[in-house]
Amino acid sequence: MALTRRALGGITIGGSAALTLAACGGNEGGSGNGAGKEEITWAVASGWASWNLNTSTGSNSYLQQASTPMNPSGQTGGDFDGNAEYHYDDALFASEPELVSEEPMTVKYVLNEKAQWSDGNPVRVEDFIFHWYSVSGNEDHADQEKALPASTNWGPNVADIVQQDDGSIHVVYIDGYSDPEWLFSPCLYLPSHLADANGFEGWQDDPAVMGEAIAWFEETPPTVGTGPYKPVDAKMGEHIIYEINENYQGSIKPTIKKVTMKVVEGTEAIVTAIRNGEIDGAWPSEFSEEENSKIAEDPAIKTEVYPGSIWLHIDCNTKGLLSDVELRKAVFTAIDSADIVAKNYPESGLEPKGNHFFANASEYYVDYVTPTGQGTGDIAAATAILEAAGYTGIGDALMTPEGEAVKLTFRYGEGDATRTTAGELTQAYLAELGIEVELKSIADGDLGPVLAGADFDLIIFGWSGNAAFTLAPNQYFLSTSESNYGKYESAAADEAIAKVRSTFDIAEAAEFTNAVDEIVVPDAYTLPLFDEPQTYYAVSTVLEGPGANGYSQSGPIWNIREWKTI
């Protein structure tokens with residue numbers, strides 16, 4: 001399972017941002033299908049428990065995927081292509097956003113004069129403000145018990161959003177704030193006019209009403225979007241069915257008349273479904289060499305393996321038994337990351353990950369993990385840590401210095417072979433220290449609630465992101481972050497995190513980001529395992545358009561408006 005975030009450390013941004021999404025060429029909205037199918041079904045590998053990507057419960061990569069046809073730009077108004085080049089959505093914007101001031105930092109947005117939601121209502125400045133209030137973390141904007149933003153690394157830094165006389169929208173940031181990745185900042189996501197129409201018209205002036213509006217969007221199936229497709233039917237954690245959005249203002253028009261995004265849990269089930277013709281394509285969350293081999297010789301199925309946007313890690317709940325940093329260090333030292341990789345991907349050549357923000361191939365990558373001994377599987381070193389900290393019963397039945405038995409619960413995605421194997425291996429590693437580990441699976445769609453409720457001692461899941469990185473330190477490690485699910489607290493880390501976006505220079509921001517990692521790694525809160533290889537499958541004789549994209553949270557779905565059936 002993977003949660004969505006706005007930053008994937010380690011993939012260097014390439015090229016300059018462009019205005020429109022990449023085009024297949026020459027499509028001005030004709031049928032384009034010839035004798036092709038008028039409907040397709042695309043499999044999403046797991047479910048979701050909220051309809052609002054902005055909340056800590058809804059920040060889920062599967063919801064991101066399922067909602068891409070109606071919200072192709074997520075919250076940012078654009079996306080990265082397979083070459084890590086950023087493209088703004090011309091259905092929303094008439095031109096590329098512009099940094100018009102560095103002090104205070106001010107970004108100018110010029111809307112497409114026909115920008116509108118799929119129900120025909122115009123995109124407006126209130127939509128920008130609604131998004132800001134949703135994620136500001138400010139009680140004056142929204143009741144935070146209702147808002148529960150997944151990340152507050154953008155909203156609190158906005159001072160005002162103002163529409164100018166020429167119609168352009170200026171996002172003005174607080175004095176002293178800077179952001180080297182301002183081009184990828186969020187701007188709008190939810191339709192504020194629906195809040196007005198459903199009893200929340202006072203949301204701009206009443207934080208309680210705004211909180212209720214946010215909760216309403218979390219619970220209510222979507223009916224409108226800005227993307228090439230409009231939702232016509234949806235069921236939480238199961239499916240969204242789309243038809244062409246006749247009010248879509250993008251230059252590349254969709255041609256497939258009906259698209260169903262349907263949950264098919266697990267790679268094995270996905271492969272079976274595509275071989276049986278039940279689905280037309282999929283982006284599995286779990287890479288499986290065994291399952292890939294089953295369709296390797298099938299000429300009707302296209303598959304591609306590529307470096308992905310998901311990285312796996314094991315996190316601790318720092319408010320339970322694992323509040324003791326020495327116990328956390330011993331646990332992470334006993335875990336053998338290389339063994340977990342080898343057992344899951346014997347043919348892949350993958351290497352363990354030593355940095356929370358940058359992939360191993362990044363120019364900014366520094367391995368802070370290996371020098372600590374974490375992830376090495378060194379039982380002798382782990383034993384020495386426990387002995388020095390006063391633990392007893394090592395290798396038999398581990399007891400804390402206060403005489404409490406050390407028994408831990410390890411959570412993992414149900415039906416996910418990679419995470420299941422990692423859990424079983426961790427159970428075996430820790431047994432050598434005398435730690436009893438109960439393996440407890442997470443049902444499909446329940447990852448968000450489990451994380452938000454900190455219902456774990458140890459948990460394995462993935463972060464899914466894109467080619468930016470400066471938001472990640474805040475989201476993962478800031479003491480007050482709603483996405484800091486294990487409740488890690490460090491004044492030194494908080495201070496270092498504040499520096500990451502204090503510059504407009506991307507290389508300097510990377511240095512500040514690595515300084516955060518240098519602080520947090522020794523505290524053994526999150527153990528990075530590896531950047532997961534990814535694949536996608538498509539029935540090539542039916543579907544044309546999906547392609548490898550390890551830089552987008554939507555993966556191969558990112559350019560769905562260009563897809564055709566043949």
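All residue numbers in this chain count up from 1 along the given sequence. As a basis for the values below, the full set of heavy atoms in this structure was taken, side chains included, without hydrogen atoms, waters or symmetry mates.
Using the six-membered ring where Trp is involved, W42 and W563 have ring planes that are tilted, between 30° and 60° apart. In this structure, W117 and H193 have tilted ring planes: the angle between them lies in the 30° to 60° band. In this pair, W463 and H313 present their aromatic rings parallel. The plane angle is below 30°, not in the 30 to 60° band. Classification of the F200-W216 ring pair by plane angle, with boundaries at 30° and 60°, yields tilted. Relative ring orientation between Y525 and F477 is described as perpendicular, the plane-to-plane angle rising above 60° on a 0-90° scale split at 30° and 60°. Ring geometry for Y109 versus F93: interplanar angle of 30 to 60°, hence tilted.
Put simply, the side chain of S134 gets close to the backbone of F130: a donor and an acceptor are under 3.5 Å apart.
The minimum heavy-atom distance between S118 and N247, with the atom names listed, is O-ND2, 2.9 Å. Residues K235 and W51 share a closest heavy-atom pair of C-CZ2, 3.6 Å. Listed here is the closest heavy atom pair of T470 and E181: OG1-OE1, 2.7 Å. Scanning both residues, Y488 and S490, for their nearest heavy atoms gives OH-CB, 3.3 Å. Taking both residues in full, the closest heavy atoms of Y248 and A91 are given as CE1-CB, 3.5 Å, listed atom of the first, atom of the second, then distance. Nearest heavy-atom pair, V107 versus P97, reported as atom, atom and distance to 0.1 Å: CG1-CB, 4.1 Å.
Contact check for N54 versus P149: no side-chain heavy atoms found under the 4.5 Å cut-off. Residues L408 and F410 form no side-chain contact, since every pair of their non-hydrogen atoms from C-beta on lies 4.5 Å or further apart. Contact annotation: the side chain of T513 approaches that of F469 to within less than 4.5 Å [non-hydrogen atoms, C-beta and beyond]. V224 has its side chain within reach of L194: a pair of non-hydrogen atoms, C-beta onward, lies under 4.5 Å apart. By the 4.5 Å heavy-atom criterion applied to side chains, N474 and V500 are not counted as neighbours. Between E238 and K262, every side-chain heavy-atom pair lies at or beyond the 4.5 Å cut-off. The shortest side-chain heavy-atom distance between E218 and T57 falls under the 4.5 Å cut-off. Residues W203 and D196 have side chains in contact (heavy-atom distance under 4.5 Å, counting atoms from C-beta outward).
Not counting sequence neighbours, the partners of S483 by the side chain to side chain donor-acceptor pair (under 3.5 Å) test are Q475. Residues passing the side chain to side chain donor-acceptor pair (under 3.5 Å) test with D206, sequence neighbours excluded: none. Residues passing the ring-ring contact (aromatic ring centres under 6.0 Å, His included) test with Y229, sequence neighbours excluded: none.
Rounding to the nearest 0.5 angstrom, the gap separating the CG atom in L312 from the CZ atom in F287 is 12.5 Å. Distance check: K440 NZ to E414 CD gives 12.0 Å after rounding to the nearest 0.5 Å. One finds the CD atom of Q65 at 8.5 Å from the CG atom of N60 (value rounded to the nearest 0.5 Å). Between the CH2 atom of W283 and the OH atom of Y62 there is a distance of 9.0 Å, given to the nearest 0.5 Å. Put simply, NE2 on H170 and CG on D166 are 6.5 Å apart, with the number rounded to the nearest 0.5 Å. Rounding to the nearest 0.5 Å places OG1 of T418 at 13.0 Å from OH of Y412.
A salt bridge is absent between R419 and E286; no separation between the charged side-chain nitrogens and carboxylate oxygens falls under 4.0 Å. Classification of E489 and K319 as a salt-bridged pair holds, one side-chain N sitting under 4.0 Å from a carboxylate O.
Side-chain polar atoms of D179 and N157 form no donor-acceptor pair below 3.5 angstrom. Remark: the D79 side chain and the H87 side chain contain no N/O donor-acceptor pair separated by less than 3.5 Å. At a cut-off of 3.5 Å, with distance as the only test, a side-chain donor of D127 or S192 sits close to an acceptor on the other residue. Remark: the S441 side chain and the R411 side chain contain no N/O donor-acceptor pair separated by less than 3.5 Å. Between the side chains of N52 and S50, no donor-acceptor pair is found at a separation under 3.5 Å. Counted by atom type alone, Y86 and T76 present one or more donor-acceptor pairs between their side chains at under 3.5 Å. Using a 3.5 Å distance cut-off with no hydrogens or angles, the side chains of S136 and H141 do pair a donor with an acceptor.
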Derivation of the side chain to side chain donor-acceptor pair (under 3.5 Å) call for N355 and N514: CA-CA 8 Å; N355 190 295; N514 273 327; 3.0 Å; yes

Using the rule given for salt bridge (charged side-chain N to carboxylate O under 4.0 Å, His left out), can you reason through E243 versus K257, listing the C-alpha separation, both sets of side-chain angles and the distance that settles it, and then say yes or no? CA-CA 6 Å; E243 294 177 356; K257 291 186 177 180; over 6 Å; no

One pair to check against salt bridge (charged side-chain N to carboxylate O under 4.0 Å, His left out): D90 and K253. What are the steps and the verdict? CA-CA 12 Å; D90 67 354; K253 305 298 184 183; over 6 Å; no

Evaluation steps, ring-ring contact (aromatic ring centres under 6.0 Å, His included), between Y133 and F128: CA-CA 9 Å; Y133 281 17; F128 285 70; over 10 Å; no

Between I240 and D233, is the side-chain contact (heavy atoms from CB on, under 4.5 Å) condition met? List the steps. CA-CA 6 Å; I240 307 178; D233 183 67; over 6 Å; no

Are Q534 and I310 close enough, and set up right, to give a side-chain contact (heavy atoms from CB on, under 4.5 Å), and what steps lead you there? CA-CA 8 Å; Q534 290 179 246; I310 296 174; 4.1 Å; yes

Could you go through the ring-ring contact (aromatic ring centres under 6.0 Å, His included) check for F456 and Y485 one step at a time? CA-CA 10 Å; F456 59 90; Y485 297 109; 7.9 Å; no

In sequence, state the C-alpha distance, the side-chain angles, and the governing distance for W182 and Y173, and then conclude on ring-ring contact (aromatic ring centres under 6.0 Å, His included). CA-CA 11 Å; W182 62 267; Y173 291 81; 9.6 Å; no

Determine, stepwise, if the pair E39 / V259 fulfils side-chain contact (heavy atoms from CB on, under 4.5 Å). CA-CA 6 Å; E39 305 177 9; V259 175; over 6 Å; no

Would you please test I279 and I270 for side-chain contact (heavy atoms from CB on, under 4.5 Å) and show each step? CA-CA 8 Å; I279 59 175; I270 286 172; 4.2 Å; yes

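Considering I256, T260, I40 in turn, I40 is the only one that fulfils the side chain to side chain contact (heavy atoms under 4.5 Å, CB included) rule with D280.
Other residues, nucleotides and ligands contribute more than 12 heavy atoms inside 6.0 Å of the CD atom of E103. Around atom CD of E145, no more than 12 heavy atoms belonging to other residues, nucleotides or ligands sit under 6.0 Å away. Around CD of E495, the count of heavy atoms belonging to other residues, nucleotides or ligands within 6.0 Å does not exceed 12.
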